[in-house]
Amino acid sequence: MISEVAGQYNAQELENQIRSLWEKEETYRKVRMQRVGGKKFFFVDGPPYTTGRIHLGTAWNKVIKDSVLRYKSMNSFEVKDRAGWDMHGLPIEVKVEESFGFRNKKDIETYGVDKFIQRCKEFALRQKDDMTAQFKILGAWLDWDDPYMTLKNEYLEAAWWTLKKAHENNLLERGLRVVNWCPRCETAIADSEVEYWDETDYSIYVKFPIIGEENTFIVIWTTTPWTIPANVAVAVNPTFQYSKVRAIKDGRAEILIMASDLVESVLKIGRYQDYELLGVLSAQQMQELKYNHPLGDMVPRQKEIVHGVYAADFVTAENTGCVHIAPGHGLEDYELGLNHHLEIFCPVGEDGRYTEEAGEKYRGEYVKEADGVVIADLEEKGRLLASGRLAHRYGHCWRCKTPIIFIATSQWFLRISDLRDRMLDEVARVTWYPEWAGSARFADWINNARDWCISRQRYWGIPLPIWTCPDCKHMEVIGTAAELEARAGRKLADLHRPDVDSVLLDCPCGGKMKRSPDVFDVWFDSAVASWATLRFPSHEKDFNEWWPADFITEGHDQTRGWFYSQLGASMVSFGRAPYKSVLMHGFTLDDQGRKMSKSIGNIVQPEEVVQKFGADILRFYVLGANAPWEDLHFSWDAVENTSRMLNIFWNAYRFALPYMVLDKFDAKKADLSKYEKSLRPEDRWILSRVNSLVSDVTAEMEGYQLHRIVRSISDFILEDLSRWYIQLVRPRTWIEQDDPDKLAAYATIYEVMVKLCKLMAPFTPFLSEAIYGNLVKGLDAAALPSVHMCNWPSADEARIDKRLEASMALVREVSMAASNARQKGGRKLRWPVSEIVIAPAKDAVDLDNLDSVLRGQTNAKKITILSPGEKPRMDLELSPVHKKIGPVYKGEARAVVQAIAAADAFDVKKQLDGGEATVTHAGKDYKITAEMVQIKELPPENLPAAEFSRGYVYVDITLNPELEAEGYAREIIRRIQDMRKELDLRVEDQIRAMVDIESKPILDLALLKKEHIAGEVRAKDFQLGLGLKLTGRLVKDWDIEGICVRIGIDQI
RNA sequence: GGGCCCGUAGCUUAGCCAGGUUGAGCGCACGGCUGAUAACCGUGAGGUCACGCGUUCAAAUCGCGUCGGGCCCA
């Protein structure tokens, strides 16, 4: 049986019940099992990093994923949905280091790498469990029991296999490169791991002495004085013109060379008082110059280096137009150095301190702290032209926030830049939502793609499976654990460091190969997720059946992150994109569009929203707040609004339940087909609407227009279902017998609710499950055990009647206009009116057969529809036109004016239509012409009007005894109903009621409706009179339109 | 400095792809309804559609530029 539902929508309580139901019944497993063998839908979960806490953005992310997967499952797809966890890398290392107070790698080595790895692993696993619980609360149905974890051996193998494949494809190489380097973590970091913010640094202008020209200098500018010891060249722009000037400062002259356009500004900064142009140099001539290093006698190596000038496009017309080149400390510098076979001089070690090569004075100095020393030395040697401070964007290690430096080190690279064009082809083959995410944003990123530095000099990561022979330099990449174990002749329980470090392999040369001590860049971990999640390479069958992924969805920051890393890893191993479609979603910002951050204190935790409102409400809110690819401005008000909306849905759902229960309604025996003939137009209308909704939502889902779906559903619930259909259907539910009219209403409501609840299931899974449990499972023990096992509803085209929908829309408009007009005329809706007149302006209005609906909703006895342009009879007001009357009547003018005032306006107008009119004053007739009066049309006081889209609606509020009797009856009914409520009576309870009305005329009116009143309030015993002695459990005095009415009621 | 997205009422937003009277919700003011009721409904005030220029009979919508916000890059 269907049950009644007590009380308001309590999301938390409902969700707890559904959660335990799902757990008890293993609903998730059943749902996935049910679709096995269906068309495959391979989803890959972008693995959140195991930080321990989910935030609003990750919640939104999982809600989108879950909604899409539930939708696909309802559409008979077998979905692959392993949840994923990103568990390696510096962030966790740093956390563990912090917990022990470690400062550098030496501390870790002292503590023991094996124990350190163990701590990292425990930390990651604990965080994973915490976050799993948080995701489950949201109703996110992924495979949480068997997630893919980047720390598992099977996952490590997927990374190994991929690297081996890249090696076979000749895309792996070791090389000296300038990399972003964190001197604290002592590791290379990826471009994507660099965080930029403003930092105040030195800004210095340095003079490099030209060889063979006395007192002549080329001027460069830099913000990193510590790189000066590594300078080997100067770059100039081949299109610029350079000037040689004789500059005067404090009576001393020197000859300076710099870009012609920048002379003035540089000399100003250098506080030169005067200068004279000696000549111009072309970029070509500039390249003939040689100079001495300004600190040549302090950095021994610099004495042996020849310093020249080279052309480079990247030189801009800023500062001096001459760029300091240190190939060991800059990316462009490095490339320029390679092109011109310059020495890649890098006198800085992995700890960020100068090495032996930097010379006696600088050795051991931390470079960022050496800036001041270098400046002082330049000053002392007279090579400093100017020195100041400058705030500019500078990169930092994203974990420990240490400013990064660039140093040339030997690293492993994937030669991604070679694949740029092929990657762009692949991107064009992927379907992007929105389209520009791929064609514009991602393509732009790929166009700038550089080789991928995949090695990190750390501990907690996937070890590089690269073994090299120290003797003959032979190198091999191992692809699987089995391969390694076969070669090593022993088992390895865990493929992490340090165990794997101890494995030595035989080299063909007879020597022993050692593992390259690095671990993978953590971005490489998640990059292989699409096949690692299928347990490839050990399970090839699944890979062949599922790969590549049908769908992934992540935030727009993942353009450079996971969208890219996956593409890169897939290109080097499989030569194609690992996904077929990508939905790029936005960021969660606060209600003012600011980033959520601890310092502003505007962070909203998803669980806070769940606790205050519920998971379904959070879900429906984030899905509906805006388009998925736009940033979400979180607003508590909007969440509350969503909550209110779902509450109305809940009320709509539960409103009919008591009657259905009372009548033992059984949809199985009494479905719509039995009542086809008894359906009212409004029933057919709501059925049309719900089927239109199904078709709209299905269409929008194809383009992942999730916000439009939520909007359509909300509109349907509020406008069509709650504000309209339920209002229309209410009186029918009170009919007591087995009237087909009532049963047709039940069947309609039932059909609509069940369809709607399935339609909402992917988005509000808890609420839908609860409603389905009652309405469907409550009636049919054999029904599918969960709404999430039902098929996605299909739109019943035969029920869609667009003309009827349009007519009803018109009826609603007229009805609203009528209530507007009533308000103007001061007539409450409770009081019936005799007539409502619809006066269309242009096009004729046809209500189809919805006349009775309109009458009911407007509480009107009659609806009159005028022809276009026609108006109801207006009051007319005559005003005399003195200018015209005066000249004709002269002395009698005053009498004429009075005659006009006294005349009947309608009569005058009628006469004037035929020519002249006659008006009378003091027994004398006067003839007047049309120009002597102005006739104004006024809506009569008893006919207030309001505008609607196609004209005006007039409401005739004139009262007569019959209408008044009805009005008073409704007033009395409402009060008795109110009192029934106060006594907490059930709908079907009978009462005894006595009503004492102090006014005889009103009593007489009420008596006309005595039977009606008694019926409406279910009073078996009903007395209506004057001076009655009131008894009953509840007696109350009421004021109805200024009359005292005393009512007493009693339950029988 | 470059790429992409966004800017509509006090707030949150729809409409923009496909040009044709800017539409909602919250909040505010007033009124109504009452067996969905710790709910609900109506009316009203409130918009130079960020700004400027262009295309067009017609621009919130298309194009260019400026300003502001977000993400990414340099």
Side-chain angles (χ1 to χ4, degrees), chain A residues 5 7-9 191-192 194 196 314 316 318 331-332 393 395 434-445 447-450 555-561 564 584 586-589 591-595 621 624-627 629-642 644-645 647-659 703 707-708 711 714-715 718-719 721-724 726-727 729-731 733-734 815-824 826-831 857 859 946 949 970 973-978 980-981 984-989 1016-1018:
Chain A
V5 175
Q8 296 290 299
Y9 172 45
D191 291 338
S192 52
V194 178
Y196 292 87
F314 59 76
T316 56
E318 287 168 305
L331 301 173
E332 288 165 331
R393 279 166 68 75
E435 190 275 333
W436 51 259
S439 64
R441 212 178 167 133
F442 197 45
D444 177 62
W445 170 260
N447 271 320
N448 296 316
R450 292 203 305 251
H556 46 52
D557 55 329
Q558 297 303 329
T559 304
R560 70 164 191 181
Y564 178 66
M584 185 187 80
F587 258 49
T588 46
L589 309 174
D591 55 7
Q592 292 166 54
R594 296 173 308 181
K595 223 173 180 169
Y621 166 67
N626 45 261
W629 41 85
E630 274 166 25
D631 290 344
L632 185 151
H633 295 198
F634 183 85
S635 146
W636 282 108
D637 279 354
V639 175
E640 185 155 357
N641 226 10
T642 308
R644 199 163 300 154
M645 200 278 301
N647 185 44
I648 292 172
F649 173 55
W650 181 259
N651 285 338
Y653 150 66
R654 78 191 181 111
F655 125 86
L657 294 177
Y659 310 104
H707 60 309
R708 294 197 192 183
R711 194 181 146 89
S714 304
D715 278 358
L718 291 178
E719 295 297 332
L721 189 60
S722 167
R723 288 179 194 162
W724 201 243
I726 290 194
Q727 303 309 327
V729 90
R730 272 158 86 167
T733 61
W734 306 333
S815 170
M816 272 180 215
S819 88
N820 187 354
R822 267 176 179 275
Q823 200 165 319
K824 286 181 191 165
R827 181 72 75 236
K828 299 193 261 194
L829 184 56
R830 200 147 58 215
W831 288 67
Q857 284 317 102
N859 197 13
S949 69
R970 284 186 70 162
I973 291 165
R974 186 182 87 63
R975 265 92 180 169
I976 298 176
Q977 299 288 33
D978 206 65
R980 284 183 60 114
K981 191 99 206 160
D984 231 358
L985 301 187
R986 296 181 55 79
V987 174
E988 66 271 25
D989 290 338
E1016 286 290 309
V1017 302
R1018 303 198 185 202

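All values reported here derive from a predicted model rather than from experimental measurement. By convention in this document, chain letters (A, B, ...) are assigned in the order of the sequence lines, proteins followed by strands, and residues within each chain are numbered from 1.
- A distance-only check finds a donor-acceptor pair linking the side chain of A:R822 to the backbone of A:K828 [under 3.5 Å].
- In terms of modelled atom types and a separation under 3.5 Å, the side chain of A:D444 and the main chain of A:A440 share no donor-acceptor contact.
- B:rC71 and B:rA39 have their C1' atoms separated by 43 Å, given to the nearest Å.
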Steps toward side-chain hydrogen bond (donor to acceptor under 3.5 Å, both in side chains) verdict (A:N626, A:H633): CA-CA 9 Å; A:N626 45 261; A:H633 295 198; over 6 Å; no
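- Listed pair A:R830 / B:rC33 meets the phosphate criterion, a side-chain N or O lying under 4.0 Å from OP1 or OP2.
- With P as the reference atom, B:rG70 and B:rC62 are 24 Å apart, rounded to whole Å.
- Taking atom C1' on both B:rA9 and B:rG27, the two are 12 Å apart, rounded to the nearest angstrom.
- The nearest heavy atom of RNA chain B to A:R708 and to A:V1017 marks one nucleotide each, and the one closer to the 5' end goes with A:R708.
- Side-chain proximity of A:I648 to B:rA14, B:rA36, B:rC33: nearest is B:rA36.
- Following rounding to the nearest Å, A:M645 (CE) and B:rU12 (C1') show an atom-to-atom distance of 15 Å.
- The nucleotide whose nearest atom lies closest to any side-chain atom of A:Y659 is, among B:rC5, B:rA36, B:rG42, B:rA36.
- Nearest to the side-chain atoms of A:F655 among the listed nucleotides B:rA36, B:rC71, B:rC6 stands B:rA36.
- Nucleic acid contact for A:Q977: base, since at least one base atom lies under 4.0 Å from a heavy atom of the residue.
- One P atom belongs to B:rU66, the other to B:rG1, and the distance between them is 10 Å to the nearest Å.
- Counting non-hydrogen atoms under 4.0 angstrom, A:S819 reaches the backbone sugars and phosphates but no base.
- When distances are taken from the side chain of A:D557 to each of B:rC71, B:rU12, B:rU34, the shortest belongs to B:rC71.
- Atom-to-atom, CH2 of A:W650 to P of B:rA38 comes out at 16 Å; the value is rounded to the nearest Å.
- Rounded to whole Å, the C1' atom of B:rC26 lies 14 Å from the corresponding atom of B:rG46.
- A:R711 comes within contact range of at least one nucleobase, with a heavy-atom separation under 4.0 Å.
- Of the P atoms belonging to B:rG2 and B:rC57, the separation is 34 Å, rounded to the nearest Å.
- Rounded to whole angstrom, the span from the CD atom of A:Q558 across to the P atom of B:rC4 amounts to 21 Å.
- We find that CD of A:Q857 is positioned 11 Å from C1' of B:rC41, with the value rounded to whole Å.
- In the set B:rU34, B:rA14, B:rC4, the nucleotide with an atom closest to the side chain of A:N626 is B:rA14.
- Set against B:rG23, B:rU12, B:rU34, the side chain of A:H633 has B:rU12 as its closest nucleotide.
- Taking the side chain of A:N651 as heavy atoms from C-beta on, and the options B:rC4, B:rU43, B:rA36, the nearest nucleotide is B:rA36.
- The side chain of A:R730 has B:rA36 as its nearest neighbour among B:rU34, B:rA14, B:rA36.
- Rounded to a whole Å, the CD1 atom of A:I973 is 15 Å from the C1' atom of B:rC33.
- When the nucleotides B:rU34, B:rC4, B:rA36 are ranked by their closest atom to the side chain of A:A440, B:rC4 comes out on top.
- Between A:W629 and A:H707, the angle of the ring planes goes over 60°, which puts this pair in the perpendicular group of the 30/60° scheme.
- Residue-to-nucleotide proximity on RNA chain B shows that, of A:A437 and A:N448, the 5′-proximal contact is made by A:A437.
- You won't find any donor-acceptor pair under 3.5 Å spanning the side chain of A:R441 and the base of B:rC72, going by distance alone.
- Rounded to the nearest Å, the gap between the C1' atom of B:rG19 and that of B:rU12 is 27 Å.
- Atom-to-atom, CD of A:E640 to P of B:rA38 comes out at 17 Å; the value is rounded to the nearest Å.
- Of the candidates B:rG42, B:rC6, B:rA36, B:rG42 carries the atom nearest the A:R723 side chain, counting heavy atoms from C-beta on.
- The aromatic ring centres of A:Y653 and A:W650 sit less than 6.0 Å apart.
- B:rG7 and B:rU61 have their P atoms separated by 11 Å, with the value rounded to a whole Å.
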Per-nucleotide pairing state of RNA chain B [Watson-Crick or G-U, under 3.5 Å; [ ] pseudoknot-crossing; | other strand]: (((((((..((((......[..)))).(((((.......))))).....(((((..]....)))))))))))).
A:M645 and A:L718: CA distance, side-chain angles, deciding distance, side-chain contact (heavy atoms from CB on, under 4.5 Å) verdict: CA-CA 7 Å; A:M645 200 278 301; A:L718 291 178; 3.9 Å; yes
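- Between the P atom of B:rC40 and the CZ atom of A:R644 lies a distance of 6 Å, rounded to the nearest Å.
- Between the CG atom of A:D978 and the P atom of B:rU34 there is a distance of 10 Å, given to the nearest Å.
- Looking at A:Y659, its side chain never comes within 3.5 Å of a backbone N or O of A:R730 through a donor-acceptor pair.
- Nucleic acid contact for A:R970: sugar-phosphate only, since backbone atoms but no base atoms lie under 4.0 Å from a heavy atom of the residue.
- Nucleic acid contact for A:T733: none, since no nucleic acid atom lies under 4.0 Å from a heavy atom of the residue.
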